Amino acid sequence: MTFKIYNTLTRQLEEFVPAQPPAVRMYTCGPTVYNYAHIGNFRAYVFEDLLRRQLKYRGFAPCQVMNLTDVDDKTIKGARAAGRPLQKYTQTYKEAFFADLQTLNIERAEHYPAATEHVPEMIALIETLFRKGYAYRSEDGSVYFNISRFENYGRLARLDLAGLKPGARIAQDEYLKDNAADFALWKAWSPEDGDVAWDAPWGRGRPGWHIECSAMSMKYLGPGFDLHTGGIDNIFPHHEDEIAQSEAATGVPFSRYWMHCAHLVVDGRKMSKSLGNFYTLRDLLERGFTGREIRYVLASAHYRQALNFTIESLEAARAALRRVDEFRERLAAAAPGGPASQPDWLAQAHNAFRQGMDDDLNTAEALAALFEMVHAGNRLADAGRLTPVDAGAALAALDDMDRVFGFLAAPERKPDEAVLKLAAERQAARSRRDWPASDRLRGLIAERGWLVQDVPDGYKLKPRA
RNA sequence: GGCGCGAUAGCCAAGUGGUUAGGCACGGGUCUGCAAAACCUGUUACGCCGGUUCAAUUCCGGCUCGCGCCUCCA
């Protein structure tokens, strides 16, 4: 069995074979730090995290670079509006971004280069493009890439240049380019930029968005690398432009595999502030959902399929995870231990999990395999036929699957003294068969966020979540 | 206009030329002082019209509806 992925470049399912296994050099387009990232952004980051974890699971050693765009139109505008220096402004959102990654149990990449710290590299790259005749300076001091010089332009997006229709989205008079389809490598300083500017041989200004990713990927991964990922909307123009710039400058193929994550919609509609269906991660946490539940929802659909995100799906995630947690608890209670075992029901589920993930990260299939395992294990346990050895093996399988899923481990929460005391009082009331007092105490405990469950030999306290 | 994607049960969501995906919700049951939780169990769906085929939700064609991108949106 091999790890297959859908390569946007060829529009085909391909076996993933990095240039120098086990190393995998991968670049993932990161956030523009002008605001809190929203749930749609995080779908892409969770997808990339699943990919990263799957690579590790398969024995690869990823070196992942995720850029932080901390200078562009939006960051400059946002900083001005906030009346703060650009660096201070973006710092706030960089920190929020990393906190959010942690909330979602997203593993850290090896490198998080910030655009503002790599301007010299970008200038050098643009100089190379000048030298090779791909770049030109316009009257106002901006620099553009001449796409007519790059014959493969449009290959990734499958766009026919002749079919490009200059439409409403392009302000023809905004920039002074030779060809409307040319894109900016460098933007000449304008008064709105304030003190956000760098000196370059061709004039003062700031780098364009695309050149940032080319310069930083080359610096950390070399001129050509294995895998590049991002949101589907980045295919054109961002990734197309990255390819053009990079290959024009280096003469070697840029990324060999490209993977793109489909969009997330909320309640079946594109997320937008005016529809009131726009969520940041923080919004959802404030509503009482956990990062774990959110991660589950984001991971539960195939990454190339539009994901319909709803509050109900978060509630479904909560219930599904509770079931996994109960199963895990049950396994742990079976006093597992002894020699390793691999009963059929477990091997089957475990294999189905691997096959699902190997098949272009089919998380929905892998998740189904997980629940097949829960189901089979519970049945055996109910029948009193789950041996401690098999329970231990099942626990190990859960942990193994969680290397990729990253949401199977139940967070530990301990009730405080007051709750423990109430629960003890309730138990006392129960033993003297004082049901009204017992029920009243159950209510008090619930108010403190805990659920009492009566079990044969006493009671259990569960967070109400 | 160009390129591309989708339509699967109440909701979410895989997949397959014939054999139960899975989750949530709901019904029934076990357990329980009552509950809750948990577990077991049940509900057999593939937009429309043609075609190919012994057999189509799956392949082909058309249609309808919805969505994305088409110059700096994950």
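It should be emphasised that the depicted structure is a prediction, and the values quoted were computed from it without experimental measurement. Order of the sequence lines sets the chain letters (A, B, ...), proteins ahead of strands, with each chain counted from 1.
For A:His228 and A:Tyr257, the ring centers are positioned 6.0 Å apart or more. You'll find the ring centres of A:Phe98 and A:Tyr112 inside the 6.0 Å limit. Residues A:His239 and A:His210 keep their aromatic ring centres 6.0 Å or farther apart.
Here A:Asp325 does not pair with A:Arg328 in a salt bridge; the nearest charged N to carboxylate O distance is not below 4.0 Å.
For B:G4, neither phosphate oxygen OP1 nor OP2 lies less than 4.0 angstrom from any side-chain nitrogen or oxygen of A:Arg304.
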Pairs under 3.5 Å (N/O, protein and nucleotides 30-34 of chain B):
from: B:G33; atom 1: N7; to: A:Arg430; atom 2: NH2; distance (Å): 3.4
from: B:G33; atom 1: O6; to: A:Arg426; atom 2: NH2; distance (Å): 3.3
from: B:G33; atom 1: O6; to: A:Ser438; atom 2: OG; distance (Å): 3.1
from: B:G33; atom 1: N1; to: A:Asp439; atom 2: OD1; distance (Å): 3.1
from: B:G33; atom 1: N2; to: A:Asp439; atom 2: OD2; distance (Å): 3.0
from: B:C34; atom 1: O2; to: A:Arg442; atom 2: NH2; distance (Å): 3.1
from: B:C34; atom 1: N3; to: A:Arg442; atom 2: NH2; distance (Å): 3.4
from: B:C34; atom 1: N4; to: A:Asp454; atom 2: OD2; distance (Å): 2.8

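Between the CZ atom of A:Phe183 and the NE2 atom of A:His238 there is a distance of 10.5 Å, given to the nearest 0.5 Å. The CE atom of A:Met357 sits 6.0 Å away from the OG1 atom of A:Thr363 when rounded to the nearest 0.5 Å.
Among the nucleotides B:C72, B:C73, B:C69, the one closest to any side-chain atom of A:Phe236 is B:C69.
B:G1 is paired with B:C70 under the criterion used here, namely a Watson-Crick or G-U wobble arrangement in which both key atom distances are under 3.5 Å. Judged by Watson-Crick or G-U wobble contacts below 3.5 Å, the nucleotide B:U16 has no partner. With both pairing distances under 3.5 Å, B:A9 is matched to nothing as a Watson-Crick or G-U wobble pair.
Using a 30° and 60° split on the angle between ring planes, A:Tyr93 and A:Tyr89 fall in the perpendicular class, above 60°.
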| remark: Once base and sugar-phosphate atoms are separated, protein heavy atoms under 4.0 Å mark nucleotides 12-28 of chain B, 5' to 3', with B, S and - as SSSS-----BSSS----
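Counting non-hydrogen atoms under 4.0 angstrom, A:Leu264 reaches a base of the nucleic acid.
Seen from the ring of A:Tyr279, A:Arg287 does not count as a face-on cation partner, given the 6.0 Å and 45° thresholds.
Take the nearest nucleotide of RNA chain B for A:Lys74 and for A:Val452: the residue whose nucleotide is more 5' is A:Val452.
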